[in-house]
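Let me begin by presenting the structure, written as structure tokens, before commenting on it.
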Amino acid sequence: MDASQKITQKVSVSQELIESLKATMAGLPGFSAKIQERLGDPAATVTQVIEIILAGAIALDTSDVHLEGQETDAKLRVRLDGVLQDAMVLTRKSYDGLLSRIKLLSEMKLNISNKPQDGRFSILAGTDSVEIRASVLPTEYGDSVVMRILNPKSLISLDQAGLRKDLYDEFIKQIGRPNGMIIVTGPTGSGKTTTLYAFLKQIQNPEIKIITIEDPIEYHLQGISQTQVEPDKGYDFISGLRAIVRQDPDVILVGEIRDLETADIALQAALTGHLVFSTLHTNDAAGTIARLISLGAKPFNIGPALNMAVAQRLVRKVCPQCGVMEAPTPEELAEIKSLLDPAKELLAQKGIPLPEFGTEFKIPRAKGCAQCNNTGFHGRVGIYEAFIIDDEIQSYILGNPTIPGLKAMAQKKGMLTMYQDGLIKVAQGTTTLDEVGRVAEK
């Protein structure tokens, strides 16, 4: 049994309960009411309270549940569409009981409260298994707990990622190449892993061998060999990647490049007949090169090995129930025109027509209703920027270019920035100007 098959504790939650909560909960207030109802039942166990919290979180389609100790009580919050929302205040007694149970389920030490701990457990929801990644951090008034919900139903295919047609076509072309590296960048929570898994789902077939090395495995994919690092046992990205190369894979996914040795092995794999997917923490696509060089990778290896650099963020989509289309202010119109007018001809060539920015032009406004928990948004979509490493950019990389210089060259070759991609989605009525400004820089 390899690291990907590590047995975890399990909590059983019926699919009927999740479906019932979806049908009867009126957003966050309903979620809070269901938990309060369970807490008020003297016959209810702590496990049953945990079950209703997790079932409700899955029904709400949240990504994280936060339990935070305060001076006299505790706060329960959930992350909806990438933004934290207050759910309810818990008594100290309820908090203590939940904390102990979460630690027990996650195989953490109950008597340790002065250092961070990590663990995981599973929810059996009907025939589906939902992984819960738990993190406990000591704070002034007790532990802060975050439970990350890794629902396999969150996995999407590439055609569901919100890609512009030109980017979709380019991604399909690049992931079909026999070798080289594709790096997806962005901060935590920007959807990098989801994009990489969409790549794997797109290319997976019985004729190729795909191996991943991750920390940790977030979603289990059928037909793919997945392995999880365990540094305390001497199995890290470096040793794992060296072993993977000896397994004769066609495609390798490296969860994250964090150090020079991992970067070097991944680059060498890309140069010797393997297709390599990985992630980096950088602000934009052009920063990929600078980040690899800062780790110590040699520019003469980066250029030939790297096929494409991608940066992405997630923006919230305007709620279809309450969102409205309104005329932009003069300042908003000027901003949209200044960034999209120069790209109109390029976009037309790519098959992406834009509306005329005249008196009839309107953009979405978020309002808020019961369907979207009064946020004005429901669901998220990606905004992207990507550039291909051609011969000219390869030569440019050898001179250790600055990030602005590389970005300018990529834009001359037709790259649209994430902010421009966001503005296209504003013009198309998908999201708001404020939302794009929240996650991307101009």
Side-chain angles (χ1 to χ4, degrees), residues 167 170-171 174-175 179-197 199 212-215 218 229 231 236-238 240-242 252-271 274-314 382-390 392-413 415-419 421 439-442:
L167 270 185
E170 190 61 61
F171 280 19
Q174 293 300 323
I175 65 177
N179 54 264
M181 181 185 290
I182 298 174
I183 293 181
V184 182
T185 74
T188 301
S190 59
K192 301 186 299 296
T193 301
T194 301
T195 297
L196 292 185
Y197 278 32
F199 288 170
T212 77
I213 179 164
E214 305 169 65
D215 181 22
E218 296 200 7
V229 300
D236 54 17
F237 276 112
I238 299 165
L241 193 47
R242 283 181 179 140
I252 303 169
L253 185 151
V254 184
E256 183 183 345
I257 293 176
R258 301 174 181 172
D259 52 58
L260 174 58
E261 284 188 89
T262 304
D264 275 345
I265 299 169
L267 289 168
Q268 288 303 316
L271 289 167
H274 306 86
L275 184 61
V276 181
F277 301 144
S278 193
T279 70
L280 273 176
H281 285 278
T282 66
N283 290 326
D284 55 19
T288 303
I289 309 301
R291 176 65 179 144
L292 288 171
I293 291 173
S294 74
L295 288 174
K298 301 294 188 293
F300 58 77
N301 281 333
I302 297 171
L306 192 60
N307 293 348
M308 180 171 67
V310 182
Q312 70 175 75
R313 300 289 189 278
L314 295 174
I383 57 174
Y384 304 86
E385 66 183 35
F387 68 92
I388 309 305
I389 314 300
D390 60 14
E392 187 179 358
I393 291 182
Q394 271 195 45
S395 298
Y396 195 52
I397 289 171
L398 290 174
N400 201 354
T402 63
I403 294 175
L406 187 56
K407 186 172 184 176
M409 175 173 276
Q411 287 180 279
K412 284 180 184 177
K413 290 178 172 290
M415 183 187 82
L416 295 173
T417 67
M418 279 185 290
Y419 199 84
D421 193 29
V439 301
E441 293 183 359
K442 295 180 186 176

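Keep in mind that this is a model prediction, so the values were computed, not measured. Note that the numbering runs from 1 along the sequence shown for the chain.
Checked options D215, L295, L280; the residue passing with R258 is D215 (criterion: side chain to side chain contact (heavy atoms under 4.5 Å, CB included)).
Within the model, atoms CE of M415 and CD1 of I388 stand 11.0 Å from one another, a figure rounded to the nearest 0.5 Å. Taken to the nearest 0.5 Å, the CD atom of Q268 stands 5.0 Å off from the CG atom of N301. The distance from the CD1 atom of I182 to the CD1 atom of I389 is 11.0 Å, given to the nearest 0.5 Å. In this structure, the separation between CD1 on I383 and CG on L416 is 12.0 Å, given to the nearest 0.5 Å. Considering CZ of F387 and OG1 of T288, their distance stands at 6.0 Å, rounded to 0.5 Å. Between atom CD of residue E170 and atom CD1 of residue I175 there is a gap of 11.0 Å, rounded to the nearest 0.5 Å.
When every heavy atom of L260 is checked against every heavy atom of G296, the shortest pair comes out as CD1-C, 3.2 Å. When all heavy atoms are compared, the tightest approach of A386 to L167 is CB-CD2, 3.9 Å. Contact between A269 and I252 at its shortest, heavy atoms only, is CB-CD1, 4.2 Å. When every heavy atom of A311 is checked against every heavy atom of A285, the shortest pair comes out as CB-N, 3.3 Å.
Within the 4.5 Å cutoff, side-chain heavy atoms of M308 are placed close to those of F171. L267 places a side-chain heavy atom less than 4.5 Å from the side chain of I302. Taking the side chain as every heavy atom from C-beta outward, T195 and T279 never approach each other to under 4.5 Å. Within the 4.5 Å cutoff, the side chain of N179 has no heavy atoms near those of the H274 side chain. Side-chain atoms of L253 and F199, non-hydrogen and from C-beta on, never get closer than 4.5 Å to each other. Side-chain contact between T188 and H281 is present, with at least one heavy-atom pair separated by less than 4.5 Å.
Atom NZ of K413 has more than 12 heavy atoms from other residues, nucleotides or ligands within 6.0 Å. The 12-atom threshold is exceeded at CG of D236, counting heavy atoms of other residues, nucleotides or ligands nearer than 6.0 Å.
Formation of a donor-acceptor pair under 3.5 Å by the D421 side chain with backbone atoms of Y384 is found in this model. Remark: the backbone N or O of T417 is not paired with any side-chain donor or acceptor of E385 at under 3.5 angstrom. Of the possible polar contacts, none joining the Q312 side chain to the G382 backbone as a donor-acceptor pair under 3.5 Å is found. Formation of a donor-acceptor pair under 3.5 Å by the T185 side chain with backbone atoms of V310 is found in this model. Listed for the K192 side chain is no donor-acceptor partner under 3.5 Å among the backbone atoms of V184. A donor-acceptor pair under 3.5 Å is absent between the side-chain atoms of S278 and the main chain of I183, judged by distance alone.
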Salt bridge (Lys or Arg N to Asp or Glu O under 4.0 Å) evaluation trace for R313 with E441: CA-CA 11 Å; R313 300 289 189 278; E441 293 183 359; over 6 Å; no

